[in-house]
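Working notes, structure below.
In what follows, chains are A, B, ... by sequence order, proteins preceding strands, each numbered from 1. Heavy-atom basis, side chains included; hydrogens, waters and symmetry copies ignored.
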Protein chains: 2
Amino acid sequence: MSDPGLACCTPLSSTAMSAEQAEQVAPLLKALADPVRLRLVSLIASSTTGEACVCDLNEAFDLTQATISHHLKVLHSAGLLVREKRGVWVYYAVRPEALSAVAGLFSTPALAPA
Amino acid sequence: MSDPGLACCTPLSSTAMSAEQAEQVAPLLKALADPVRLRLVSLIASSTTGEACVCDLNEAFDLTQATISHHLKVLHSAGLLVREKRGVWVYYAVRPEALSAVAGLFSTPALAPA
DNA sequence: TCGGGACATCGACGGGCGTCGATGCGACGA
DNA sequence: TCGTCGCATCGACGCCCGTCGATGTCCCGA
């Protein structure tokens, strides 16, 4: 577009996030970018045992069981939750490394301006 | 669904994220849940002056100027960026309080399991 | 005054997302 | 063996999102 000879501002030469890194982290944020899924992760993480079964999670929302199962699948596919079937019930727990990977985004100099 | 008399697991009694809080933070995450917008914020934040003009941001992507402008508008509408027009060029800078609001999500006990 | 450059906006298109009812699948109890 | 319960999957619907070309708007220099 603009001529490389004249620069209107700084050339953004500092170390920013790479395109590959952005493509990796974006799905994690996309999985969390939903009020229902955000509350699901919060409910599971804040549980005393660190895990929760689907039957209790269903009662926390005014949504169909199919919808909750769909959201849990999205979080599980993104690698944010682990699934464990014990008898009749299914328990979900958070993957701390996945959550810390997102948390590290806002601590790196690539996103923290100060 | 299940009878309240028999509980299959812990009742999730710990302090989790409220529905209102989830509705407030989810748009911020949704604005960041895109590889292009993630790189845009990273490019602006990692700039030496803390700001960047649209003309340079356009050259960092193989996208149309209209698309970049659209992404910048999404980030601006979410409150993540501030807009300042200086002469012919428009400069964007990150709002640190918005970014720290998202970063605080992964530091609160509602999401940090350990 | 007028031409041109920088950026925003518009309208349109294709694809993905959130939600639902219905159905399938395992695991337990009678 | 058979019913039932917990959960996943399927198909469908409406809506929003990312991207584009075309056009509008504002500002500066000639």
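The distance from atom CZ of Phe61(A) to atom P of dT19(C) is 10 Å, rounded to the nearest whole Å. Rounded to whole angstrom, the span from the CG atom of Leu40(A) across to the P atom of dT19(C) amounts to 10 Å.
For the salt bridge (Lys or Arg N to Asp or Glu O under 4.0 Å) condition, no pair includes a residue of residues 21-30 of chain A, sequence neighbours left out. Applying the salt bridge (Lys or Arg N to Asp or Glu O under 4.0 Å) test to residues at least two apart or on different chains, the pairs with a partner in residues 81-96 of chain B are Glu51(B)-Arg86(B), Glu84(B)-Arg86(B), Arg95(B)-Glu97(B).
Of the candidates dC28(C), dA8(C), dC27(D), the closest approach to any side-chain atom of Lys85(B) belongs to dC27(D). Closest to the side chain of Val90(B), from the set dA6(C), dT9(D), dC7(C), is dC7(C). Among dC28(D), dT9(C), dC7(C), the nucleotide with an atom closest to any side-chain atom of Gln65(B) is dC7(C).
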What's touching nucleotides 16-21 of chain D from the protein side, N or O pairs under 3.5 Å?
| residue | atom | partner | partner atom | Å |
| --- | --- | --- | --- | --- |
| dG18(D) | OP1 | Arg37(B) | NH1 | 3.2 |
| dG18(D) | OP1 | Arg37(B) | NH2 | 2.6 |
| dG18(D) | OP2 | Arg37(B) | NH1 | 3.1 |
| dT19(D) | OP2 | His71(B) | NE2 | 2.3 |
| dC20(D) | OP2 | Thr64(B) | N | 3.0 |
| dC20(D) | OP2 | Thr64(B) | OG1 | 3.1 |
| dC20(D) | OP2 | Thr67(B) | OG1 | 2.9 |
| dC20(D) | O5' | Thr64(B) | OG1 | 3.1 |

Give me, pair by pair, the N or O atoms of the protein and of nucleotides 1-4 of chain C that are less than 3.5 Å apart, along with how far apart they are.
none

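For dA8(C), one of the phosphate oxygens OP1 or OP2 lies less than 4.0 angstrom from a side-chain nitrogen or oxygen of Arg83(B).
Checked against side chain to side chain contact (heavy atoms under 4.5 Å, CB included), Gln24(B) has no partners two or more places apart in sequence or in another chain.
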For residues 71-78 of chain A, please give each side-chain donor-acceptor pair under 3.5 Å, one per line with the distance, not counting sequence neighbours.
| residue | atom | partner | partner atom | Å |
| --- | --- | --- | --- | --- |
| His71(A) | ND1 | Arg37(A) | NH1 | 3.1 |
| His76(A) | ND1 | Leu81(A) | O | 3.1 |
| Ser77(A) | OG | Lys73(A) | O | 2.8 |

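Partner of Leu40(A) under the side chain to side chain contact (heavy atoms under 4.5 Å, CB included) criterion, chosen from Asp34(A), Val94(A), Leu57(A): Leu57(A).
Nearest-nucleotide positions on DNA chain C place Tyr92(B) closer to the 5' end than the other of Val88(A) and Tyr92(B).
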